[in-house]
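Reading through the structure tokens given below for one structure.
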Number of protein chains: 2
Amino acid sequence: MRSAVTMAEVAARAGVSVSTVSHVVNETRHVNAETRERVLKVIKETGYLPNRVASSLVTSETHLIGIVMSALTNRFFVPVVAAIDRAGRRRGYSSVLADSRDRVASEAEAVSMLLSRRVDGLVLAPSGGDRRAVLDKLVEEQVPTVLIDRFVDERFDQVGVENIESMAALVEHLAALGHSRIALVSGLRSIPTTAERIAGYELGLKRAGLPLDRRLVVSGRSAADPAESALTKLLRCKDAPTAVVSGNNYMTIGVLRALQKRSMRVPDDIAVVAYDDLEFADVFEPRLTVVAQPVAQIATKAVELLIRRMASKENTSSPSCIRFPGVFVHRESCGCALRDASLSPSAAVGAKRGGLRSHSVVPAV
Amino acid sequence: MRSAVTMAEVAARAGVSVSTVSHVVNETRHVNAETRERVLKVIKETGYLPNRVASSLVTSETHLIGIVMSALTNRFFVPVVAAIDRAGRRRGYSSVLADSRDRVASEAEAVSMLLSRRVDGLVLAPSGGDRRAVLDKLVEEQVPTVLIDRFVDERFDQVGVENIESMAALVEHLAALGHSRIALVSGLRSIPTTAERIAGYELGLKRAGLPLDRRLVVSGRSAADPAESALTKLLRCKDAPTAVVSGNNYMTIGVLRALQKRSMRVPDDIAVVAYDDLEFADVFEPRLTVVAQPVAQIATKAVELLIRRMASKENTSSPSCIRFPGVFVHRESCGCALRDASLSPSAAVGAKRGGLRSHSVVPAV
DNA sequence: ATGAAAGCGCTAACAT
DNA sequence: ATGTTAGCGCTTTCAT
């Protein structure tokens, strides 16, 4: 295995003390140009790489940020890593990962592991269920932590997307196109965002002066397959909806499959709009009108808040709670082009209300 | 900040020595049931969490695996993290990330950072360009390392996909359907896999007894936009191809866009097959026939090799070089259904040659 | 401008 | 069965 050169060896070869080597490496006090050059030369010759675990032990700073997520499926995973990497270029942070598997037990385990690695801070996408114990521990230990995606505890900085206005805008948009029977394929009841999105759906109906028909709200359980069967079932009823809103990206897949299998054309037979953009949304036929989460922005802000909190010795400032507006991406699946090409998306309404930004994509030729 | 209980404090409160505490924590030597219970009780009361940076300093094992990738775009990123996490559940490994941004300079920087964090091993997706310096350092320092995706240096364990037979099978499949003018949208010349896939394309033509027309091989530079324009340009020529093979997932997006913008229908106007599966390939219309990389399998094997190498003190065993066969996923974009529903995909040929596994997806209703 | 030395929190001989 | 103690490779006072 590696035998790694130590600082002591460098010191010996350069004929100086370890403290001098330490100071040239960290540029932490003045060293004669000549001595410094000598040390630097030895460092280069020997390929000396400072041992960060040793320095971490002394300084009790690892410059490690722990990321806890239902990792492999979580849309914030990659953007968060990216944001940390970007910040890290300058400040020396790196990320360590832990998959919570969206279960409280694993989440606790993951957090413990990260704490035992003495990470400087944590970005956590809270799992469903009762996570109180885990979060209490973090508060008690005063570990700088920012919650992302789901808003579950005001003792922490939290960053995520604004759900209510975004969802309302989607519904209002469909209503403006003349739809009155608008279905919602919603997510798991245990997820806080689900309730918000349902509230947004109801708000949208209300604003459009449309009655709420509970039968049009079906649970897709946040995943493709349940969404597919829920919608399929709904479409078999009489008084079937003429438009459907999907509650997240996975369920959108299910929605599209359901329609495909019934040979229903979008938007002619049924209009479709969705919460969350899909990576390849541009090449679907027809291209989907969605409200996208500004994931990169959210991730960047989360890391920014975290770094700020890690930097301040006084952990005094009260927690921020930041909700970025959803981004209305207007494409064709809503059926605007069919009805009235000049109709401006009702997204503008939401934009005025500050819950949404509008972003009209130029239709492909 | 955290004031973290130390082992010494636990020892004091339990009325034992630190070594006893250490041994109950690590289960590394026998401790009287009674004493152990007492220690465990104190640990629970105080919320003591062993300091892994301290123990790492002593044992010179961090149980950290460094992942170096052109991170955010790399398809192995998530599977590798997942595989490490899975292995980690049992053996205590976690992953630290470093984005190489696909540039040699950043790659070197990333590797240095990870080495200075004293990771136990490295999973590295080599960037393009001259990476010799970085790899030399790894050999010299004897850092357990496995290369993934691209085969560039025999001094390391390497895991990836078999490109030549996979690509050949795609071409042969199209040829078997009667196509004689088959285009290839290939990737960046600097990437080793590009050459292999071109070789596979040529092999496929040869086996099918088709002439090679160099004009049908255009460079999509491994990305969507260049692929789109390259194909668009090609389609404007006379003697345009009747079928096209996309060289990777990103370029597939470009290919589809190009066809869409020209209102060409797949597979009626032109047949399309692609290297790499897309996450949402099932909901594209028509669904794409592809050769998928068994990414999870590759990642798992990479981590397995790495852990094995980290475990053996003697770094003696010669490096493995493992190429998993691509997985032929037969869907509709190749146009089989149009020609002859009973035609078996020529994939079987490739399968016999051992470069490919076939996996016929049941068509959606 | 540089050095000596005391830890950081743990592990692992080596005692007893 | 348990305790003592010498480090692991650094940072950082405190001297000089």
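Only a predicted model underlies this, so the values are computations on that prediction, with no experimental measurement involved. Chain letters run A, B, ... following the sequence lines, proteins first and then strands; every chain starts at 1.
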Of all of residues 39-49 of chain B, which get a heavy atom below 4.0 angstrom from DNA chain D, listed by number? none
Numerically ordered, the residues 21-29 of chain A set in heavy-atom contact under 4.0 Å with DNA chain C is A:R29
Enumerate the residues from residues 7-16 of chain A whose closest heavy atom to DNA chain C is under 4.0 Å, giving them by residue number; use none for an empty result. A:G15, A:V16
By nearest heavy atom, map B:R38 and B:V58 onto DNA chain D; which one lands nearer the 5' end? B:R38
What residues form a salt bridge (Lys or Arg N to Asp or Glu O under 4.0 Å) with [X], not counting sequence neighbours?
X	answer
A:R89	A:D85, B:E109
B:D157	B:R309
B:R29	none
B:R150	B:D102

What distance separates [X] [atom1] from [Y] [atom2], expressed to the nearest 0.5 Å?
X	Y	atom1	atom2	result
A:L115	A:L138	CG	CG	6.0 Å
A:I148	A:M69	CD1	CE	5.0 Å
B:T300	B:R86	OG1	CZ	4.5 Å
A:E107	A:S112	CD	OG	10.5 Å
B:S55	B:M7	OG	CE	8.5 Å
A:M310	A:I65	CE	CD1	4.0 Å

Checking A:S94 against B:R117: is there a side-chain donor and acceptor pair closer than 3.5 Å? yes
Please classify the nucleic acid contact of [X] as base, sugar-phosphate, or nothing, using heavy-atom distances under 4.0 Å.
X	value
A:S19	base
B:V31	sugar-phosphate
B:S56	nothing

Let me check the geometry of the helix from C:dA1-D:dT16 to C:dT16-D:dA1. What is the bend angle between the axes at its two ends, five pairs each, to 10°? 40°
Are any of the side-chain nitrogens in [X] or [Y] under 4.0 Å away from the carboxylate oxygens of its partner?
X	Y	value
A:K137	A:E140	no
A:D136	A:R155	yes
B:R13	B:E9	no

With side-chain contact (heavy atoms from CB on, under 4.5 Å) as the test, pick out the partner of B:V10 among B:V16, B:V18, B:V21, B:T20. B:V21
Could you tabulate the donor-acceptor pairs under 3.5 Å formed by side-chain atoms of residues 34-44 of chain A, not counting sequence neighbours?
residue : atom : partner : partner atom : Å
A:T35   : OG1  : A:N32   : O            : 3.4
A:R36   : NH1  : A:V31   : O            : 3.2
A:R38   : NH1  : A:A14   : O            : 2.6
A:K41   : NZ   : A:E45   : OE2          : 3.4

Anything under 4.0 Å to a heavy atom of chain B counts; send over the first and last such nucleotide of DNA chain D, read 5' to 3'. D:dA1 to D:dG9
How would you give the extent of chain A contacts on DNA chain C, as first and last nucleotide 5' to 3' within a 4.0 Å heavy-atom cut-off? C:dA1 to C:dG9
Output all residues satisfying side chain to side chain donor-acceptor pair (under 3.5 Å) with A:T62, sequence neighbours left out; order by chain, then residue number. A:D120
B:L188 backbone acceptor or donor facing B:S222 side chain under 3.5 Å: yes
